[in-house]
Amino acid sequence: MIKLGITQLLTDKHEWLSGKSVGLLTNHTGVDENLTQNITLLNECANLVALFSPEHGLWGAAQDGVKIANSKHHQNQTLQIYSLYGTTPIVWDKILSNLDVLIYDIQDVGVRYYTYLGTLLETMKALETAMKSGKCVECIVADRPNPLGGICIEGPKLETSYTSLVGPYPIPVRYGLTIGEIATVYHNEQRCHFPIKIAKMEGWHREMWYNETGLFWVPPSPNMPTLETATLYPGTCLFEGTNVSEGRGTTKPFEYIGAPWIDNQKFATQLNELRLSGVLFRPITFTPQFSKYKEEVCHGVSIHISDQKQVASLEIAIWMLGLLINEYPNKLEFRETHFDRLAGNSTLRNALSSGVPCDDIIESWSAEVERFCERREPYLLY
């Protein structure tokens, strides 16, 4: 089993917190190797004065897009929880005036559109603004594994005009870095002045997927129940930007893809004939309990993973979209603004709509991936 960054911070690096007022940006995934919550651990050995939570809330109970109000910690009413996905804007200068250190400790999934990354980078912007105003708050990132390993990189780089919480930085969709590494990339490239430290893991290496770490899987959000979900998410999340269900409202979000008007047998056969690496497709019928097509019968496919390390989820999604556009040109619709926000450009949607061959679309981002591999090299910690 690996040793997590939070464990390293509270043992070998404990002097980083000595005598300091500490804020903690975390959620339910912020546990150590024995599933003890970081809030409990810090309360015992540090001056923890404030909590910050991302989308889905401190306990990961809220669905996507639900705004959450500030509150008090249910066990320690002196601890204020500031929602960074909240109903009211955060007044950072007032909050940071009481802090010396802000720790980030959340399990990410290694995908650009997962909002925990955007929350970290927005927080880093706030720390930089405070630094320019004369208030120095140190950032400590307690590092955690990238569940999908640190080797494979996929997808087009975000164009800066599409910057948003689900597209916070010009990187590929699947970026192959730990959260500590991507924080270091941002800090250096943006020439931030506030101090940053990474509490590194011990025993993690780049080839390691989450199910090889010996750690328990804690679902990072309500619709990310398993590692299989996370493996497919970099690609199938694009279906959020269409009128095809991405499986929200079922027990297999991002693994079930369908709509009332799809011929599931034909779709599964077409996809299996492509012999896409690491996956097989099974025709299914499902009824979402919420989200798109709530309580409507949908037909589509269940994506089964045969070899997780061979799965190129963006490629899978492109082939799926290409087939659906070709088969149902008058049925499939893009929710253009959201799709482009996820893709990080309008080029992908336009190429799919224009019938550009899927192989050509996939090849179009290979040069960007290669450049990113070189760009990230100086920041690799493992």
Side-chain angles (χ1 to χ4, degrees), residues 6 9 17 20-31 36-109 113-142 144 163-168 179 183 186 192 194 196 218-224 290:
I6 189 64
L9 176 60
L17 306 179
K20 296 179 179 178
S21 296
V22 177
L24 175 63
L25 172 45
T26 193
N27 65 3
H28 62 292
T29 66
V31 294
T36 303
Q37 192 72 32
N38 52 14
I39 299 170
T40 302
L41 295 168
L42 283 162
N43 264 326
E44 292 173 352
C45 64
N47 182 25
L48 182 61
V49 298
L51 298 172
F52 302 85
S53 66
E55 184 181 11
H56 309 296
L58 187 64
W59 305 113
Q63 282 292 337
D64 64 299
V66 175
K67 299 296 183 182
I68 301 166
N70 297 334
S71 61
K72 297 285 188 181
H73 190 270
H74 70 285
Q75 290 178 325
N76 181 355
Q77 290 293 306
T78 64
L79 271 179
Q80 179 72 42
I81 305 170
Y82 297 100
S83 173
L84 304 186
Y85 201 84
T87 55
T88 57
I90 293 295
V91 184
W92 278 108
D93 55 348
K94 182 178 179 181
I95 298 167
L96 295 178
S97 66
N98 299 316
L99 297 181
D100 300 310
V101 172
L102 181 57
I103 301 169
Y104 178 95
D105 186 29
I106 296 176
Q107 179 59 59
D108 195 50
V109 299
Y113 14 79
Y114 209 55
T115 60
Y116 299 162
L117 172 62
T119 299
L120 170 62
L121 301 190
E122 286 296 316
T123 302
M124 291 176 72
K125 287 180 187 177
L127 296 181
E128 180 65 8
T129 299
M131 187 73 185
K132 290 175 179 176
S133 300
K135 173 58 179 175
C136 178
V137 178
E138 183 174 61
C139 179
I140 298 176
V141 178
R144 291 182 175 269
T163 300
S164 70
L165 189 64
V166 293
I179 200 68
Y186 180 86
C192 296
F194 66 88
I196 188 170
V218 177
S221 59
N223 289 291
M224 197 62 64
F290 59 87

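Counting from 1, the numbers follow the sequence of the chain as shown.
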**Asked** Hey, mind stepping through Y104 and L24 against side-chain contact (heavy atoms from CB on, under 4.5 Å) and telling me if it holds?
**Response** CA-CA 6 Å; Y104 178 95; L24 175 63; over 6 Å; no

**Asked** How far apart are the C-alpha atoms of T40 and Q37, what are their side-chain angles, what is the distance that settles it, and do they pass the side-chain contact (heavy atoms from CB on, under 4.5 Å) test?
**Response** CA-CA 5 Å; T40 302; Q37 192 72 32; 4.0 Å; yes

**Request:** Test side-chain contact (heavy atoms from CB on, under 4.5 Å) on V31 and T36 and set out the steps.
**Result:** CA-CA 5 Å; V31 294; T36 303; over 6 Å; no

**Prompt:** Given the rule in the side-chain contact (heavy atoms from CB on, under 4.5 Å) test, do V109 and M224 qualify, once you have shown the distances and angles that lead to the verdict?
**Reply:** CA-CA 9 Å; V109 299; M224 197 62 64; 4.1 Å; yes

Indicate every side-chain donor-acceptor pair of residues 82-89 with a distance under 3.5 Å to a residue at least two apart or in another chain.
| residue | atom | partner | partner atom | Å |
| --- | --- | --- | --- | --- |
| S83 | OG | I68 | O | 2.8 |
| S83 | OG | Y85 | N | 3.3 |
| S83 | OG | Y85 | O | 3.3 |
| S83 | OG | G86 | N | 3.4 |

Enumerate donor-acceptor pairs with a distance under 3.5 Å from any side-chain N or O in residues 132-141 to protein atoms, sequence neighbours excluded.
| residue | atom | partner | partner atom | Å |
| --- | --- | --- | --- | --- |
| S133 | OG | T129 | O | 3.2 |
| K135 | NZ | L99 | O | 3.0 |

Between side-chain atoms of residues 48-55 and protein atoms elsewhere (two or more places apart, or another chain), which donor-acceptor pairs fall under 3.5 Å?
| residue | atom | partner | partner atom | Å |
| --- | --- | --- | --- | --- |
| E55 | OE1 | T115 | OG1 | 2.6 |
| E55 | OE2 | G65 | N | 2.8 |

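The two residues F194 and M124 have their closest heavy-atom pair at CE2-O, 3.3 Å. R144 approaches I6 most closely through the heavy-atom pair NH2-CG2, 3.9 Å. Looking at every heavy atom in both residues, Y116 comes nearest to P220 through OH-O, 2.6 Å. Contact between A126 and L96 at its shortest, heavy atoms only, is O-CD1, 3.9 Å. Scanning all heavy atoms of the two residues, the minimum distance from Q107 to T29 falls at N-OG1, 2.9 Å. H56 and A62 get closest at one heavy-atom pair: ND1-O, 2.8 Å.
Residues V22 and L102 are not in side-chain contact: their nearest non-hydrogen atoms beyond the backbone lie 4.5 Å or more apart. Using a 4.5 Å heavy-atom threshold, the side chains of H73 and L58 count as touching. In this structure, the side chains of I106 and L120 stay at 4.5 Å or more apart for every pair of heavy atoms.
Comment: K125 engages E122 in a salt bridge, judged by a side-chain N to carboxylate O separation of less than 4.0 angstrom.
If you check the side chains of N38 and T26, you find a donor sitting under 3.5 Å from an acceptor. Counted by atom type alone, S221 and N223 present zero donor-acceptor pairs between their side chains at under 3.5 Å.
In this structure, H28 contributes its side chain and V218 its backbone to no donor-acceptor pair below 3.5 Å. Checked by atom type and distance alone, the side chain of D100 pairs as donor or acceptor with a backbone atom of S21 at under 3.5 Å.
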